[in-house]
Number of protein chains: 2
Amino acid sequence: MATMAATSRPPSVSAPGTPPPLGLRERKKLRTRIAIRRATYRLISEQGYDATTIEQIAEAAEVSPSTVFRYFATKEDIVLTDEYDPIMEAELRNRPADEPPLESLRFIMAKALTAFLASEEEELRQRTRLMVEVPAIRARMTETMSDTAKVLARALADRSGRSPDDLEVRVFIAAVLGALREVTLYWGEHGQEGDLITMINQALDTLEGGLKL
Amino acid sequence: MATMAATSRPPSVSAPGTPPPLGLRERKKLRTRIAIRRATYRLISEQGYDATTIEQIAEAAEVSPSTVFRYFATKEDIVLTDEYDPIMEAELRNRPADEPPLESLRFIMAKALTAFLASEEEELRQRTRLMVEVPAIRARMTETMSDTAKVLARALADRSGRSPDDLEVRVFIAAVLGALREVTLYWGEHGQEGDLITMINQALDTLEGGLKL
DNA sequence: CATCTTTTGAGAGTTACTTTCACTTGACTG
DNA sequence: CAGTCAAGTGAAAGTAACTCTCAAAAGATG
């Protein structure tokens with residue numbers, strides 16, 4: 001994520017390819033990060049988004065307010081930050097280069113969502129709820145999506161020999177992510193009932209058919 | 001626009017169909033509104049968006065800060081508010097009902113843009129500049145667009161006998177507006193060179209072709 | 001253990017926005 | 001045209017998200 005700048009690694013002597021065995025410092029940071037997020041989700045579910053202040057979050061997570069801002073640039077980011085971008089990118093780059101781009105995206109989005117649903121369904125639902133209810137979250141989410149868009153555009157451009165800045169590529173991604181966003185919103189507005197993945201596939205079908213309503 | 005709640009009309013006795021001849025009160029409000037916007041645009045072009053405070057805007061427009069907030073809900077809205085939604089809606093409802101929806105949108109967007117460019121080109125350019133440079137503006141713009149989306153969805157749904165909440169309709173509009181947004185961003189990022197309308201048409205061609213990259 | 005570097009907390013400051021209330025100023029009525 | 005009513009305005013105080021600075025605390029390192 002954008003807020004997670006690459007920090008220096010301990011120059012450990014572990015075998016190459018093995019994940020470096022995080023020093024105490026890094027482990028602590030991770031714990032703090034998680035504590036803040038957890039506290040935030042809990043407080044929000046109890047009191048609502050607006051009523052939950054950074055001060056409360058800091059207190060609940062047992063850190064100072066300044067620390068909260070050190071870990072997350074904005075209040076919205078506490079809720080929205082995840083690590084799915086690199087995963088989606090990797091998956092996309094793993095698809096056969098001659099697969100139609102829309103099919104590649106269809107595939108990786110289904111996969112990412114399935115994984116998310118399997119491991120953190122409750123969080124996804126709360127997030128969706130907030131996306132529907134809180135304009136600030138919705139807005140920030142859109143920004144986040146445009147980071148995702150850049151990553152995906154690069155991957156797609158690479159494999160087709162185009163520039164990642166190619167207008168057509170950008171429009172392609174924007175349309176797909178715009179549709180995805182709308183489906184999620186729709187799902188959230190309708191009580192989160194029905195199968196999200198099926199609905200996404202329907203939306204992609206609409207796009208694939210050339211938007212002939 | 002969302003921020004412009006319908007205010008009471010003077011029950012004037014003018015001929016039906018004639019625009020009511022705004023009382024002094026309404027005229028003054030309009031002037032204030034314009035003064036605030038003008039001051040804002042000027043200050044921003046001189047100092048940049050972040051460096052321009054509401055207080056400065058208020059002073060330049062010769063009103064109090066509270067009045068500024070009475071006219072515009074947020075700082076971003078001062079820049080973004082326009083009155084094109086009802087126009088686009090009317091135009092859309094004027095298109096033949098059997099015209100393919102994508103063509104209708106293509107047509108009305110070209111028309112709206114042409115009008116905007118003809119009468120307020122400088123404003124459009126400044127707005128685009130801000131959209132590229134200021135995340136808050138970009139975010140708010142997206143929200144604004146989703147208001148537009150609702151209006152257009154209703155119009156489109158009406159003529160095809162669908163519900164305005166129909167997933168397919170919503171996806172359709174989201175994709176088109178998402179593409180439009182991306183083109184505008186692209187145009188802005190590339191020095192605002194080239195013909196916006198042509199680029200929009202290209203983007204719509206991409207959508208129409210089923211997003212086969 | 002001593003030193004160096006990173007992380008943290010405390011505190012003060014900025015600014016967008018909200019709310020309240022008294023005052024002014026158009027608009028309508030008799 | 002005077003009086004009343006409603007709408008619009010300004011002043012002021014308050015809230016909360018974010019920023020900046022600096023000194024203290026705590027992990028890493030030799």
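Sequence lines set the chain letters: A, B, ... in the order given, protein chains first and strands last, and positions in each chain run from 1.
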Distance-minimising heavy-atom pair for I173(A) and A153(A):
CD1-N, 3.9 Å
Going by an N to O cut-off under 4.0 Å, is there a salt bridge joining E26(B) and R31(B)?
no
Nearest-Å distance for atom pair CZ/C1', residues R33(B) and dG8(D):
14 Å
Please state whether the phosphate of dG8(D), meaning OP1 or OP2, lies under 4.0 angstrom from any side-chain nitrogen or oxygen of Y71(B).
no
Mind calculating the distance between CZ (F69(A)) and C1' (dG11(C)) to the nearest angstrom?
15 Å
NZ/NE/NH1/NH2 to OD/OE distance under 4.0 Å, R37(A) and E123(A):
yes
In whole angstrom, what separates R27(B)'s CZ from dA7(D)'s P?
19 Å
Per side chain to side chain contact (heavy atoms under 4.5 Å, CB included), W187(B) is matched among E182(B), R125(B), E193(B) by R125(B)
Less than 4.0 angstrom between a side-chain N/O of K28(A) and OP1 or OP2 of dG27(D), yes or no?
yes
Rounding to an integer number of Å, can you tell me how far R25(B) CZ sits from dC5(D) P?
15 Å
Contact check, residues 130-138 of chain A vs DNA chain D, heavy-atom distance under 4.0 Å, returns none
Check whether any side-chain N or O of Y41(A) sits under 3.5 Å from a backbone N or O of V79(A) as a donor-acceptor pair, and report yes or no.
yes
Within this structure, what is the NZ-to-P distance between K29(B) and dA7(D), rounded to whole angstrom?
10 Å
If you draw the axis of the six-membered ring of F72(B), does the NZ or CZ of R33(B) fall within 45° of it and under 6.0 Å from the ring centre?
yes
Does a side-chain N-to-carboxylate-O contact under 4.0 Å join E168(B) and R162(B)?
yes
Going 5' to 3' through nucleotides 10-16 of chain D, assign each nucleotide B (protein heavy atom under 4.0 Å from a base atom), S (under 4.0 Å only from sugar-phosphate atoms) or - (no protein heavy atom that close).
BB-----
Could you state the atom-to-atom distance from CD1 of I78(A) to C1' of dA17(D) in whole Å?
11 Å
Run through R93(B), R154(B), R95(B) and flag the one making a side chain to side chain contact (heavy atoms under 4.5 Å, CB included) with R159(B).
R95(B)
Mind checking the OG1-CZ spacing from T184(A) to R127(A)? Nearest 0.5 Å is all I need.
10.5 Å
How close or far is atom P of dG8(D) from atom CZ of R31(B), stated in whole angstroms?
15 Å
From CG of L24(A) over to P of dT29(D), roughly how many Å is that when rounded to an integer?
12 Å
